[in-house]
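Everything quoted here is computed from the prediction, not taken from an experiment. Naming: A, B, ... by sequence-line order, numbering from 1 per chain.
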Protein chains: 2
Amino acid sequence: MAATIKDVARLAGVSASSVCRALAKPEQVRPETRERVERAASDLGYYPNRAARGLITGRTANIGVVLPDLANPFFPSVVKAIQTQARRFDYAVFLSDTDEDPALEVPLIRALAKQVDGFLLCSPRAGDEELRAFAGHTPIVVLNRRVTPFPSVTADSADGMRQAIGHLHALGHRRVAYVAGPRTSWSNRDRLRGLRSATSTYDMELIEAGNVAPTVDGGAAVADLVAASPVTAVIAYNDLVALGLLNRFRAREIAVPERISVVGFDDILLAGLVTPALTTVAIAKEQIGRTGVDLFLDLLKDDEGRKPVHKRTPTQLIVRASTGPAHL
Amino acid sequence: MAATIKDVARLAGVSASSVCRALAKPEQVRPETRERVERAASDLGYYPNRAARGLITGRTANIGVVLPDLANPFFPSVVKAIQTQARRFDYAVFLSDTDEDPALEVPLIRALAKQVDGFLLCSPRAGDEELRAFAGHTPIVVLNRRVTPFPSVTADSADGMRQAIGHLHALGHRRVAYVAGPRTSWSNRDRLRGLRSATSTYDMELIEAGNVAPTVDGGAAVADLVAASPVTAVIAYNDLVALGLLNRFRAREIAVPERISVVGFDDILLAGLVTPALTTVAIAKEQIGRTGVDLFLDLLKDDEGRKPVHKRTPTQLIVRASTGPAHL
DNA sequence: TTGAAAGCGATACCAG
DNA sequence: CTGGTATCGCTTTCAA
């Protein structure tokens with residue numbers, strides 16, 4: 001149906017090779033020929049078939065993006081940044097949402113592998129070993145996680161936690177709970193690690209609450225448990241979980257932040273709009289997406305060599321409604 | 001690098017054709033052969049190159065999704081539904097965010113056209129004529145808009161507006177404002193049309209406020225203007241705009257809903273979590289995405305013929321914090 | 001500067 | 001039931 005290179009060649013009265021050259025390397029072709037080809041191409045509305053091109057060049061100009069859940073507002077932000085940066089280099093984006101199912105990731109990557117030049121895996125849930133199986137075959141950059149030997153971009157959670165705990169400590173809090181996210185989430189482990197280090201630095205007591213789904217419902221599910229514990233503040237795995245806590249606390253008329261302070265992570269749009277506004281650790285989502293694409297393109301250039309690159313993006317505590325514990 | 005059909009053929013000691021058959025139509029091949037091929041394939045980790053396959057079958061098993069802004073939480077919901085349904089039919093998704101730039105849409109569609117079997121255009125901003133240029137060439141299903149001759153899925157905004165206005169009228173409101181979204185948005189025009197009809201039915205006065213970007217900032221930008229008008233309720237183009245209004249009203253200590261009731265559209269996650277919770281017209285986002293994919297697949301089946309299909313999904317008013325005007 | 005021919009990976013068709 | 005061959009749309013030698 002659509003015009004092919006042959007159609008253009010016929011109309012311009014030249015060979016397919018010349019069309020190809022005229023369009024790709026204009027300087028290698030006589031100006032007159034180039035002009036004829038260009039006119040023919042635009043008359044026919046010719047656009048090269050990138051899939052066919054990829055077959056021979058080995059470069060598809062597509063990048064695969066795999067993420068656990070587009071419904072978590074954190075991811076659309078990252079994807080948007082990826083899109084923007086990818087487009088700048090004439091790359092198109094293949095998107096796959098795995099629905100938080102670790103088992104879906106590997107088959108998905110395999111199935112798409114030949115249609116893309118490689119992948120940006122956002123917060124992948126699969127095991128290290130499973131992912132490592134792709135090393136050497138498929139260019140992969142990992143976001144929000146570190147898996148040797150892939151390049152990666154992660155947020156500086158430890159610093160974020162340090163800021164959060166410093167803030168809570170300054171307000172007078174001494175006991176804090178952490179509501180953990182998915183066990184399969186590297187970010188969760190990273191945040192917990194950072195939190196443990198921070199609470200120990202400040203000599204604060206840390207109580208850990210169950211692993212929950214990284215959703216509003218997940219937060220709501222452990223809110224009562226948290227409320228029943230002797231803490232005056234709680235840090236949630238992410239903002240959605242924090243909002244679930246907030247919601248349930250409100251329903252039970254547990255005053256936030258007076259009775260208990262809630263701190264989230266990510267700084268999604270929602271965080272600033274709820275009442276009381278959520279104190280949260282902001283992550284440089286755009287930077288993560290953008291840097292991911294950059295690392296990816298670097299990776300394609302020098303097909304191998306060089307040791308893996310890890311970029312760490314800054315975090316920033318956004319203080320909104322938190323206060324000191326009521327008894328102060 | 002990765003295994004091709006030839007590698008499998010060699011390892012299994014058969015021809016490429018047989019490998020192809022063994023994998024695609026197992027019943028046309030001797031069980032023994034099939035087994036050998038299957039083992040060879042799995043040993044080599046062989047996955048067919050879908051791009052190459054598409055070249056000859058004319059079917060890529062990819063679907064292009066184009067939308068104006070992934071940062072609007074409405075779209076990720078739709079995309080997620082599309083993904084889920086697409087995966088069910090073994091389709092992969094190409095995603096493109098145009099950043100609300102109408103000029104980007106057409107070139108984007110053109111560039112991707114050969115890599116996909118067609119497109120799902122979510123709330124496209126381009127002109128009718130520009131889109132129509134694809135008719136006959138590129139299978140297209142339009143979501144949240146109607147453009148002859150493409151099949152489309154739209155929400156029943158008129159009914160949603162009727163519900164919203166009925167509700168406000170019952171509460172005693174008689175003057176209502178509408179904060180309009182982008183001029184290029186068909187949904188905006190559709191909602192406005194439905195609203196006009198509803199207000200006239202109920203004999204209510206309608207005041208229209210500027211066209212704003214469909215974002216929180218857009219809403220905040222006209223909040224003062226709305227507050228200065230003689231209305232007791234305001235309906236926003238969408239929830240983000242409504243939240244912008246809410247935010248600004250709070251900042252100015254204009255009581256919601258006592259002094260002014262705010263109604264949104266879409267029912268994004270945020271709507272239920274803010275305080276006061278936002279009354280809004282829920283749209284069947286999942287259904288829109290799912291139905292879009294279904295129409296798309298139908299479209300591919302009978303390459304032409306049949307008159308265009310328009311599906312309309314129901315809307316449902318979700319009443320949360322609205323009340324009657326203070327003077328009652 | 002240009003064209004012919006080979007080939008990327010897979011499938012379809014036709015003999016055998 | 002199987003193998004050979006042509007082909008999809010494009011790029012890349014290689015000669016001319």
Side-chain angles (χ1 to χ4, degrees), chain A residues 1-38 40-41 44-62 90 110-117 137-138, chain B residues 1-38 40-41 44-62 90 110-117 137-138:
Chain A
M1 198 89 224
T4 75
I5 199 170
K6 283 185 188 167
D7 301 321
V8 179
R10 200 174 311 127
L11 182 60
V14 299
S15 73
S17 331
S18 294
V19 174
C20 182
R21 256 172 262 143
L23 266 28
K25 317 161 189 165
E27 72 283 2
Q28 288 185 27
V29 104
R30 194 158 20 120
E32 185 195 315
T33 316
R34 177 180 359 146
E35 218 167 293
R36 284 230 309 287
V37 170
E38 277 168 356
L44 268 57
Y46 170 74
Y47 274 74
N49 182 328
R50 302 176 128 208
R53 171 189 293 167
L55 210 48
I56 184 151
T57 60
R59 196 176 152 283
T60 62
N62 291 149
D90 203 33
R110 287 236 179 77
L112 255 55
K114 303 240 175 83
Q115 292 192 84
V116 300
D117 293 342
H137 304 287
T138 312
Chain B
M1 197 91 221
T4 75
I5 199 170
K6 283 185 188 166
D7 301 323
V8 179
R10 198 174 312 127
L11 181 60
V14 297
S15 73
S17 328
S18 293
V19 174
C20 183
R21 256 168 310 202
L23 265 27
K25 317 162 187 163
E27 72 284 0
Q28 287 187 28
V29 105
R30 189 154 28 115
E32 186 196 316
T33 316
R34 170 168 18 132
E35 217 166 296
R36 282 230 309 287
V37 170
E38 276 166 356
L44 268 52
Y46 169 74
Y47 273 74
N49 182 330
R50 304 176 127 208
R53 171 189 293 166
L55 210 49
I56 184 148
T57 59
R59 196 176 152 284
T60 62
N62 292 150
D90 202 32
R110 287 236 180 77
L112 254 56
K114 303 239 175 84
Q115 292 192 82
V116 300
D117 293 341
H137 305 287
T138 312

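Annotation: side chain of B/Asp90 is in contact with side chain of B/Arg50 (closest heavy-atom distance under 4.5 Å). Counting only heavy atoms from C-beta outward, the side chains of B/Leu55 and A/Asn49 approach each other to under 4.5 Å. Put simply, the side chain of A/Asn62 reaches to within 4.5 Å of the side chain of B/Gln115, judged on heavy atoms.
Once rounded to the nearest 0.5 Å, the distance linking OG of B/Ser18 with CD1 of B/Ile5 reads 9.5 Å. Atom CG of residue B/Leu11 and atom CZ of residue B/Arg36 lie 9.5 Å apart, to the nearest 0.5 angstrom. To the nearest 0.5 angstrom, A/Leu112 atom CG is 11.5 Å from B/Tyr47 atom OH.
If you take CD of B/Glu35 and P of D/dT2, they are 13 Å apart, rounded to a whole angstrom. For A/Leu23 and D/dG9, the CG to P distance is 17 Å, given to the nearest whole Å. Rounded to an integer number of Å, the gap from A/Gln28 CD to D/dC14 P is 15 Å. As rounded to whole Å, 15 Å separates atom C1' of D/dC10 from atom CZ of A/Arg59.
Note that the two end axes of the helix from C/dT1-D/dA16 to C/dG16-D/dC1 enclose an angle of 50°, each drawn from 5 base pairs, rounded to 10 degrees.
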### Task
Can you check each nucleotide of nucleotides 8-16 of chain C against protein heavy atoms at under 4.0 Å and return B for base, S for sugar-phosphate only, - for none, in 5' to 3' order?
BBBBB----
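The side chain of B/Thr33 places an N or O atom within less than 4.0 Å of a non-bridging phosphate oxygen (OP1 or OP2) of D/dT2. Here B/Ser18 does not reach the OP1 or OP2 of D/dT2: none of its side-chain N or O atoms lies under 4.0 Å away.
Applying the salt bridge (charged side-chain N to carboxylate O under 4.0 Å, His left out) rule to A/Arg21 yields no partners; only residues at least two apart in sequence or on another chain are considered.
Of all heavy-atom pairs spanning A/Thr4 and A/Tyr46, the tightest one is C-CE1, 3.5 Å.
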